[in-house]
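Input: a single structure, listed below in C-alpha cells.
Every chain is numbered from 1 and lettered A, B, ... according to where its sequence line falls, protein lines coming before strand lines. Only a predicted model underlies this, so the values are computations on that prediction, with no experimental measurement involved.
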2 protein chains.
Amino acid sequence: MKEHEIGTLRFGLDLSLPLYEQIVNQMRGSIARGEIALGEKVPSVRELAQGLKINPNTVMSAYKELERDGLTETRRGQGTFITHSQETVDQFRSEWAEKAIDDFIEKMDNLGYSLEDISSIIQRKKEGRV
Amino acid sequence: MKEHEIGTLRFGLDLSLPLYEQIVNQMRGSIARGEIALGEKVPSVRELAQGLKINPNTVMSAYKELERDGLTETRRGQGTFITHSQETVDQFRSEWAEKAIDDFIEKMDNLGYSLEDISSIIQRKKEGRV
DNA sequence: TCAAGTGTATTATTAGATATAATACACTTA
DNA sequence: TAAGTGTATTATATCTAATAATACACTTGA
C-alpha cells in the first residue's frame, strides 16, 4: 500500500475499494478520531489529486460525499473545511459505529453466533488470547 | 424483500448486493447454522434460477463459489450436494467469523473505538440496553 | 435405449459503477 | 488581474454483474 503525505494528512490507497471510497473512509476516520481540528482546511481538490496521483474528479466525488455527511463545508474560491460543529462529528461517529455494530451482529447471526458468543470472543481478544 | 421457498430452503433477494453474492451468503449461513444436513442435495441450477426468477448463469456463479469454499460437491448429471465433512463446515464457520470480527474491529478502530469500547457496547446490547 | 434432468461451457449483449481526460466556468484573495 | 479555489460537462475506457440463447456431457429411471 503506497503511503502519501498531503499537507498534514497521511493517505494510503490500495485496490480493495473504489478510490473515492477509500478517501472518504480515511477522512471520516481522521475527523472522527479528532486528528483534524474543527474548521481546519483540507487539501484542495487539485492538490490531493496530484499528491495521490489520481484524477481530480475522483477527489471531487469523495469531497462531495463528505459534505453530504455534514463533516465538511466548502467555500467556492476558498477551499474545503472541516465543520465547526463538534456535535455533528460526535453524532456522525456514533451513528457509523452503530451501523458497523449492527452489520457485524447480523453477519455473525447469519453464521449462527449469538451475542453471548460474540461477547466471549471480544473478551478473548481483549485479553490477547486470540 | 421478496421471499422465495425453493425446496426446503428460503431465499430473500434485494438490491443491497450482487445476486450471486446474496445466494452464496444465504447458503453459507444455512450450512454453517446446520439447517441443511450434510450430504443433502440443494436445488438444481435451473430449479433455483426459476424459483428466484433469475438467470441460470447467476446461480452457477454462486454454486461455483460454494464449491470453492469446499461447502458443496457437484456430480455431473446428479446435482449439487452439501459436503459430508462436518470438519470442513466447522472450519469454514470459524474462519468466516474470524474475518468478520477482524474487519469489524478494524472499522471501529478507524472511528476511534478501542476493544474496551467495543466490549462495553456489546455488553449493553446483550443486556437489551440499546 | 432414450428422454428427462443434471452440471458445464461459450458467445453475445446490456447496464451500471469507477476512473480518467480535457475543458470551461464561477468565485475569492493577495 | 493572476493564481488558486470549487464546480460542471462531455467523452472515453474498463470492469463487474446480469441476462440471453445455445450447446454439450453425464446420470438415471422408465
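B:Gln78 has no side-chain polar atom (N or O) that falls below the 4.0 Å cut-off from OP1 or OP2 of D:dC26. One finds a side-chain N or O of B:Ser44 lying less than 4.0 angstrom from the OP1 or OP2 phosphate oxygen of C:dT6. Taking side-chain N and O atoms only, B:Ser61 has no distance below 4.0 Å to OP1 or OP2 of D:dA17. The side chain of A:Thr58 places an N or O atom within less than 4.0 Å of a non-bridging phosphate oxygen (OP1 or OP2) of C:dT20. The side chain of A:Thr80 contributes an N or O atom lying less than 4.0 Å from OP1 or OP2 of D:dG6.
For D:dG6, the base has a donor-acceptor partner in the side chain of A:Arg46 [N/O atoms by modelled type, under 3.5 angstrom].
Nearest-nucleotide assignment on DNA chain D puts the 5′-proximal partner with A:Thr74, out of B:Asn55 and A:Thr74. If you find the closest nucleotide of DNA chain C to A:Tyr20 and to B:Val42, the one lying nearer the 5' end belongs to B:Val42.
Side-chain proximity of B:Lys64 to the nucleotides D:dC26, C:dA9, D:dT19 is greatest for C:dA9. Here the nucleotide nearest the side chain of B:Met60, chosen from C:dA19, C:dT8, C:dT10, is C:dT8.
Distance, B:Lys41 NZ to D:dT27 P: 15 Å, rounded to whole Å. Atom pair B:Asn57:CG and D:dA23:C1' shows a separation of 13 Å (rounding to whole Å applied). In this entry the distance linking CZ of B:Arg75 with C1' of C:dT6 reads 12 Å, nearest Å. Per the geometry, CD belonging to B:Glu67 stands 11 Å off P belonging to C:dG7, to the nearest Å. What separates CG of B:Leu48 from C1' of D:dT19 is a distance of 16 Å, to the nearest Å. Distance CD (A:Glu73) to P (D:dT7): 12 Å, rounded to an integer number of Å. The nearest whole Å value for the distance from the CG atom in A:Leu19 to the P atom in D:dC15 is 14 Å. Atom CD of B:Gln50 and atom C1' of C:dA4 are 14 Å apart (whole Å).
Around CD of B:Glu3, the count of heavy atoms belonging to other residues, nucleotides or ligands within 6.0 Å exceeds 12. Crowding of B:Glu127 atom CD: a count of heavy atoms from other residues, nucleotides or ligands under 6.0 Å exceeding 12.
The pair A:Arg68-A:Glu65 meets the salt-bridge criterion, with a side-chain N (NZ, NE, NH1 or NH2) lying under 4.0 Å from an Asp/Glu carboxylate O. A salt bridge links B:Asp102 with A:Lys125; the closest basic N to acidic carboxylate O contact falls under 4.0 Å.
Within the cation-pi definition used here (under 6.0 Å to the ring centroid, within 45° of the axis), B:Arg28 does not qualify as a partner of B:Phe92.
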